Number of protein chains: 2
Amino acid sequence: MPEESPLEARLSQHLPLTYSERDALRSLERRERLYQAGEIVVHEGEETDKLYVVASGWLHGSVQLKGGGRQVLRFYFVGDLTTTFSIAWGRSAATLTAVSATTLYELPRQAFGRLFRDHPRLGALLYGVSASEHVAMADRLTSVGRTDGITRIATLLLDIRSRLRVTDGIDGATFELPLTQQDLGDAVGLTKTHVSRSLKVLAEAGLVDRDGKIIRINDVERLSQMVDFQDRHSHVATDWLPPYGSNGAGEANGSSKPANGSNGANGDIRHQVLPAE
Amino acid sequence: MPEESPLEARLSQHLPLTYSERDALRSLERRERLYQAGEIVVHEGEETDKLYVVASGWLHGSVQLKGGGRQVLRFYFVGDLTTTFSIAWGRSAATLTAVSATTLYELPRQAFGRLFRDHPRLGALLYGVSASEHVAMADRLTSVGRTDGITRIATLLLDIRSRLRVTDGIDGATFELPLTQQDLGDAVGLTKTHVSRSLKVLAEAGLVDRDGKIIRINDVERLSQMVDFQDRHSHVATDWLPPYGSNGAGEANGSSKPANGSNGANGDIRHQVLPAE
DNA sequence: CGCTGAATTGACTTCGGTCAATTCCTGTGG
DNA sequence: CCACAGGAATTGACCGAAGTCAATTCAGCG
């Protein structure tokens with residue numbers, strides 16, 4: 001339990017956490033499980049009573065179409081909570097597949113629920129993180145709905161790079177992409193044939209270098225500019241979170257002032273706050 | 001404050017709420033504002049320190065592309081929380097436009113945050129609702145990325161119908177659609193020209209009748225079947241929510257108890273639980 | 001060293017976009 | 001009550017980005 005927890009690391013990226021919040025996050029994560037590249041963690045429609053926190057590696061979530069197609073909905077990286085989709089039902093809304101060798105911590109839904117009670121501020125923060133992921137998906141929708149193939153692929157590469165960079169500490173522009181062109185296409189709504197052609201164009205334009213599974217984006221700034229890419233994950237606002245403090249004044253209505261004047265984050269001196277890390 | 005609140009109504013659709021939870025929700029919503037059809041509530045990029053709850057009418061959220069295009073990300077109906085996207089930043093990630101004449105209640109972000117502290121169970125429920133909306137957007141992504149124009153339009157109509165039905169108590173298959181074909185196209189990634197053609201095909205196939213702004217879906221069941229449509233909003237699981245009640249029983253696991261036993265919600269037996277409504 | 005799945009490439013098709021001309025509606029003002 | 005203006009919808013002719021099909025080529029691997 002004293003180990004570092006990926007979810008803890010992720011959340012403390014946005015907000016200095018108290019010791020007790022950190023403890024709670026660490027103790028949430030249970031059994032660790034390993035998956036090989038390509039292995040399926042949960043099938044679409046399968047019942048699940050747990051979430052998974054990514055401790056290493058990465059994955060994607062996808063749905064199967066009646067007609068035989070497939071849509072890759074999003075990718076999951078270290079620190080991400082997966083299968084949050086399924087929390088709204090008892091069963092998974094998507095198939096979760098390991099893209100690379102992966103370690104996951106299991107997190108029972110019940111325990112996740114308890115977190116909201118025991119650490120409301122974390123609950124609110126999780127809501128905020130979820131909102132930022134929602135926006136990231138909106139960006140994807142925009143990309144797929146309103147831009148051409150080359151732009152979609154470029155945007156996807158930039159997105160994956162920026163996510164991997166945080167977690168894997170990549171230098172900046174080179175990374176391994178263990179996805180087939182079919183996978184890429186399923187993510188952005190293109191056929192594998194056209195993915196191949198689009199990548200070729202990007203390579204010939206000198207924007208991207210490829211060597212096997214290794215991708216290098218030659219000028220991240222410029223490419224981002226060109227396709228109007230925005231990183232939605234680096235920052236999540238926390239100024240609206242409830243003060244850390246003691247339960248409060250519980251009594252709902254009456255007035256809706258915060259219990260103690262201080263607002264924002266950690267308000268309570270008893271709880272030492274750790275540096276962001 | 002004693003009036004019915006749309007958010008309250010929405011949430012109690014999924015879970016019987018206690019009096020104090022209801023009170024809290026009612027007292028959250030402040031000034032009521034009216035917007036005419038077509039009016040813009042918030043601009044993309046604009047700073048906001050509030051959310052809006054839809055009390056009547058409907059709206060959509062959209063983003064503008066550099067090249068001049070537009071993507072309509074989603075629609076908002078009575079009881080929906082809007083601009084949750086923006087909670088992750090200080091500014092709105094999308095433009096919010098009234099589709100029909102609309103009443104909104106303003107809800108300051110701070111007050112929203114406090115809700116997580118004062119009523120953790122509602123916080124968790126809001127997370128669940130948000131997850132279901134996330135899935136709805138994933139469905140849209142799948143539709144846009146992987147199906148043809150006719151299917152996209154049909155799916156969109158079914159989606160709008162099923163949302164309106166809940167709130168406006170529509171009979172079942174006929175509703176008013178105050179959107180231009182441009183709007184429809186921006187929602188599903190088609191040009192207005194092709195929207196016109198797709199609607200024509202649907203009409204000629206006898207699947208949809210049109211009369212001005214009035215749409216009638218002739219056999220909802222069949223059309224849903226044809227395009228594999230699923231309503232993602234009617235149900236949200238609540239079995240994982242923390243018990244309303246008393247803090248404690250921190251059971252969790254022996255060790256990591258929250259710092260102070262109390263916290264979380266005011267839990268006492270005094271709070272009667274109301275039937276679903 | 002051969003197998004197998006992935007990637008590449010070419011020829012051809014097609015769905016949806018573009019452009020532009022009508023037509024339709026609806027609201028407005030005479 | 002009617003004429004008219006202007007946006008929305010419809011329709012046709014044409015174009016082009018991406019899909020389909022299929023044949024190679026390539027790369028990793030037992």
Side-chain angles (χ1 to χ4, degrees), chain A residues 36-39 60 65 67-72 97 99-101 143-157 176-205 208-215 227, chain B residues 36-39 60 65 67-72 97 99-101 143-157 176-205 208-215 227:
Chain A
Q36 307 167 323
E39 201 172 340
H60 70 231
L65 300 228
R70 186 181 66 148
Q71 175 72 45
V72 169
T97 310
V99 165
S100 66
S143 168
V144 171
R146 283 285 175 243
T147 73
D148 66 21
I150 294 171
T151 307
R152 288 186 220 174
I153 292 290
T155 304
L156 181 61
L157 292 179
E176 191 190 337
L177 190 68
L179 294 169
T180 66
Q181 294 183 354
Q182 177 76 63
D183 294 333
L184 294 175
D186 287 343
V188 296
L190 296 173
T191 52
K192 61 184 188 211
T193 308
H194 204 71
V195 170
S196 180
R197 291 197 263 250
S198 301
L199 281 170
K200 190 184 173 194
V201 172
L202 285 170
E204 282 170 351
V208 169
D209 289 343
R210 292 180 292 163
D211 178 18
K213 306 208 156 311
I214 306 297
I215 297 282
V227 302
Chain B
Q36 308 168 321
E39 202 173 339
H60 71 230
L65 300 226
R70 186 181 64 149
Q71 175 71 45
V72 169
T97 310
V99 166
S100 66
S143 169
V144 172
R146 284 284 173 242
T147 72
D148 66 21
I150 294 172
T151 306
R152 289 187 220 174
I153 293 290
T155 304
L156 181 62
L157 293 179
E176 190 191 337
L177 189 68
L179 295 169
T180 66
Q181 293 183 354
Q182 178 75 63
D183 294 333
L184 294 175
D186 287 343
V188 297
L190 296 172
T191 54
K192 62 184 185 210
T193 308
H194 204 73
V195 170
S196 180
R197 290 196 264 250
S198 300
L199 281 171
K200 189 183 174 194
V201 171
L202 286 169
E204 282 171 349
V208 168
D209 288 342
R210 292 181 293 164
D211 179 18
K213 306 209 156 313
I214 306 298
I215 297 283
V227 301

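All values derive from a computational prediction rather than experimental measurement.
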Q: For a quick test of reading the model: is some side-chain N or O of R210(B) closer than 4.0 Å to OP1 or OP2 of dA8(D)?
A: no
Q: Classify the nucleic acid contact of G185(B) as base, sugar-phosphate or nothing, counting any heavy atom under 4.0 Å across all strands shown.
A: nothing
Q: Ignoring the backbone of S196(B), work out which of dA7(C), dG16(C), dT11(D) is nearest its side chain.
A: dT11(D)
Q: Rounded to the Å, how far apart are K192(B) NZ and dG7(D) P?
A: 11 Å
Q: Which whole-number value in Å describes the distance from L199(A) CG to dT8(C) P?
A: 7 Å
Q: Please state how far atom CZ in R152(A) lies from atom C1' in dA17(D), giving the value in whole angstrom units.
A: 10 Å
Q: Does the side chain of I153(A) reach to within under 4.5 Å of the side chain of L199(A), using non-hydrogen atoms?
A: yes
Q: Which nucleotide in the set dG19(D), dT9(C), dA6(C) lies at the smallest distance from any side-chain heavy atom of K200(A)?
A: dT9(C)
Q: On the nucleotide dT8(C), are OP1 or OP2 found under 4.0 Å from the side-chain N or O atoms that Q181(A) carries?
A: yes
Q: Using 4.0 Å as the upper bound for N to carboxylate O, is an ion pair formed by R146(B) and D186(A)?
A: yes
Q: Mind calculating the distance between CD (Q182(B)) and C1' (dT18(C)) to the nearest angstrom?
A: 13 Å
Q: Charged N to carboxylate O below 4.0 Å: is that the case for K192(B) and D183(B)?
A: no
Q: Per the atom types in the model, does the base of dT20(D) pair as donor or acceptor with the side chain of R197(A) at under 3.5 Å?
A: yes
Q: Search all heavy atoms of P178(B) against all heavy atoms of K213(B) and return the closest pair with its distance.
A: CA-CD, 4.1 Å
Q: Measure CD1/I150(A) against C1'/dG19(D) and give the value in whole Å, please.
A: 16 Å
Q: Just compare dT8(C), dG12(D), dG17(C) and give me whichever is closest to any side-chain atom of T193(B).
A: dG12(D)
Q: Provide, to the nearest angstrom, the distance between the CG atom belonging to D148(B) and the P atom belonging to dG17(C).
A: 12 Å
Q: Round to the nearest Å and state the distance from I214(B) atom CD1 to dA9(D) atom C1'.
A: 16 Å
Q: What's the closest nucleotide to the L190(A) side chain, out of dG19(D), dA9(D), dG10(C)?
A: dG19(D)
Q: Are L157(A) and L177(A) close enough that some pair of their side-chain heavy atoms sits under 4.5 Å apart?
A: yes
Q: From NE2 of H194(A) over to P of dG19(D), roughly how many Å is that when rounded to an integer?
A: 6 Å
